[in-house]
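Heads up: the structure comes next, in structure tokens.
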Amino acid sequence: MALLGFAALTLCFFSVTASQPHAASPSRTASFPDPSSSSSLGICASSVIVHGYQCQELHVTTKDGYILSLQRIPQGRAEVGGSSGRKPPVIIQHGVLVDGVTWLLNSPEQNLPMILADNGFDVWIANTRGTRFSRKHTYLDPSNPAFWDWSWDELVTYDLPAVFDYVASQTGQKINYVGHSLGTLIALASFSEGSLVDQLQAAALLSPIAYLSHMNTALGVIAAKAFVGEITTLFGLAEFNPLGLPVTAFVKSLCHHPGVDCYDLLTALTGKNCCLNSSTVDLFLKNEPQSTSTKNMVHLAQTVRRGVLEKFNYVRPDYNIMHYGEIMPPVYNLSNIPRDLPLFLSYGGQDALSDVIDVGSLLDYLKLHDVDKLSVQFVKDYGHADFVMGVNAKDIVYNSVLAFFRRHIGA
Ligand SMILES: *[C@@H]1O[C@H](CO)[C@@H](O)[C@H](O)[C@H]1NC(C)=O
Ligand SMILES: *[C@@H]1O[C@H](CO)[C@@H](O)[C@H](O)[C@H]1NC(C)=O
């Protein structure tokens, strides 16, 4: 069953293609960009300044040496002169296999960072370690397997705190947070450990994932039967590059399995995305997918298999004892999220990664949360990518995020 999550998450970016009939040919895989080729243009130059916004390229170094890129949009497009201080800061965190660019692919009137900037927020776009603009380290090179020795535990322990500390030091204010997909999982895990909560004003979680047991069942059966050997081969890979040969071959072998129709399969994996603009999808495919570590993918697969949120499982008891002092990895207990922390959750009825039943498990952990601090929105037609790139996401989701933040600022 480990492969279920592994394969599903491997394929999650393909689902965007699958929802666009014109773009669904398998050969599309071959036209993906090389995520390791560093374009000389940063995200500010390629995707923000061109729309008339100010934007600063910044870097943050984590305690374990990763140098993360961060873009700041300090003010709205219409504002002239310097940033007028005291704007509420907001950190925007992307999901797995993509980077911060995905938030910026729609028009300024439609994309979340620019909507927040135009509504008086000081916007900071994070980019997880291993993605195109966050592939530097104080002494490790991405060609060194040690560069890829991390899972989402390290995003909880190092990446998020580094970005929060930096934004707090620059603004001196409490921070608002928006996460999508893996960006919600690492936030929830952090909050459950009491991390970040002192610096946080409010958190909006789009397509929240914490439990993944119901993500997909059909593929799980196939994967468990047919692909057990593959994961061992892939386990040895340090970098999980969706464009690299071993990963592409793995996906192809999955698609060629008798009885598996990849076109339907891919659509089934994240659910149909109702509301994507085909020009935006083309732009998405020019920019994504991005690398992550194989260890991170395995950790996500473990979350699927075990149905509990726990730290990376080294499987061998002696290894777990070495890392954790216990035979089993420690659990992230979401019941420990402070009950007065303002949370907004928005989830989609067609989202097969953030399945309605799994979101139910998450809400169950939050059932003792202060009622006036928890807002939950259900969007019947939305799939996984609609929350980031839906043409109508402003009306359906982002306006609610704005209203939620405003309600809790200074509260
Ligand atoms: C889709 O994107 C194109 C190119 O950016 C734009 O001209 C068009 O207005 C967009 N359509 C919608 C419905 O937003
Ligand atoms: C999680 O925490 C709650 C309350 O803090 C406790 O009652 C429960 O037993 C914990 N669960 C686990 C699995 O540790």
Side-chain angles (χ1 to χ4, degrees), residues 16-17 19-24 41 43 45-53 77 101-115 118 153 156 185 187-197 208 210-213 272-288 299 302-313 320 323-341 343 358 360-371 373-374 379 381-383 385-399:
V16 175
T17 316
S19 68
Q20 299 291 320
H22 75 275
L41 282 184
I43 290 174
S46 69
S47 310
V48 182
I49 291 167
V50 288
H51 291 297
Y53 291 76
R77 178 157 57 172
V101 161
T102 41
W103 296 106
L104 296 161
L105 300 178
N106 275 338
S107 73
E109 292 75 27
Q110 292 171 330
N111 79 58
L112 179 64
M114 292 176 191
I115 288 168
D118 285 334
D153 287 331
V156 171
L185 176 87
L188 289 164
S190 298
F191 305 159
S192 78
E193 305 227 296
S195 173
L196 314 180
V197 293
Y211 302 98
L212 290 165
S213 310
K272 273 193 164 56
N273 293 292
C274 68
C275 303
L276 303 185
N277 180 340
S278 60
S279 310
T280 303
V281 171
D282 287 343
L283 213 50
F284 177 86
L285 294 172
K286 285 201 182 83
N287 285 280
E288 313 291 355
H299 193 186
Q302 291 175 349
T303 307
V304 176
R305 186 185 52 203
R306 303 239 326 128
V308 287
L309 206 56
E310 57 186 22
K311 297 200 176 180
F312 183 81
N313 192 340
N320 280 335
H323 283 91
Y324 308 121
E326 297 166 52
I327 286 176
M328 289 302 289
V331 168
Y332 291 103
N333 188 342
L334 297 189
S335 302
N336 293 335
I337 294 175
R339 289 177 191 167
D340 59 352
L341 195 66
L343 292 177
D358 289 329
S361 306
L362 169 60
L363 291 174
D364 208 41
Y365 273 94
L366 299 173
K367 64 175 181 277
L368 297 176
H369 212 78
D370 292 357
V371 281
K373 296 289 165 62
L374 178 64
V379 187
D381 297 332
Y382 259 30
D386 288 315
F387 288 92
V388 179
M389 296 185 287
V391 290
N392 53 2
K394 176 176 194 291
D395 293 336
I396 292 181
V397 180
Y398 303 159
N399 284 343

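Counting convention: from 1, in listed order, for ligands and their atoms alike.
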Okay, side chain of [X], backbone of [Y]: is any donor-acceptor separation there less than 3.5 Å?
X: Tyr324; Y: Asn313; answer: no
X: Asp381; Y: Cys274; answer: no
X: Tyr382; Y: Ala393; answer: yes

Exercise for review: Go through the structure and list residues passing side chain to side chain contact (heavy atoms under 4.5 Å, CB included) with Leu334, not counting sequence neighbours.
Suggested key: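 So Leu334 forms a side chain to side chain contact (heavy atoms under 4.5 Å, CB included) with Leu188, Ser192, Ala210, Tyr211, Leu309, Ile337, Leu362, Tyr365.
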
Sequence neighbours excluded, the answer for side chain to side chain contact (heavy atoms under 4.5 Å, CB included) partners of Ser279 is Asn277

query: Are any of the heavy atoms in Val391 under 4.0 Å away from ligand 1?
result: yes

- Query: Which one of Asp153, Val156, Val331 satisfies the side-chain contact (heavy atoms from CB on, under 4.5 Å) criterion with Lys311?
  - Reply: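 The residue from Asp153, Val156, Val331 that satisfies side-chain contact (heavy atoms from CB on, under 4.5 Å) with Lys311 turns out to be Asp153.
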
- Message: Just to verify, what does Phe191 make a ring pair (Phe, Tyr, Trp, His ring centres under 6.0 Å) with, not counting sequence neighbours?
- Response: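 Phe191 satisfies ring pair (Phe, Tyr, Trp, His ring centres under 6.0 Å) with no residue once adjacent residues are dropped.
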
For Asn277, the atoms of ligand 1 under 4.0 Å from one of its heavy atoms are 1 (C), 2 (O), 3 (C), 8 (C), 10 (C), 11 (N), 12 (C), 14 (O)

Can you find an N/O atom of Gln110 closer than 3.5 Å to an N/O atom of ligand 1?
yes

Residues with a heavy atom under 4.0 Å from ligand 2, by chain and number, are Asn333, Ser335, Asn336

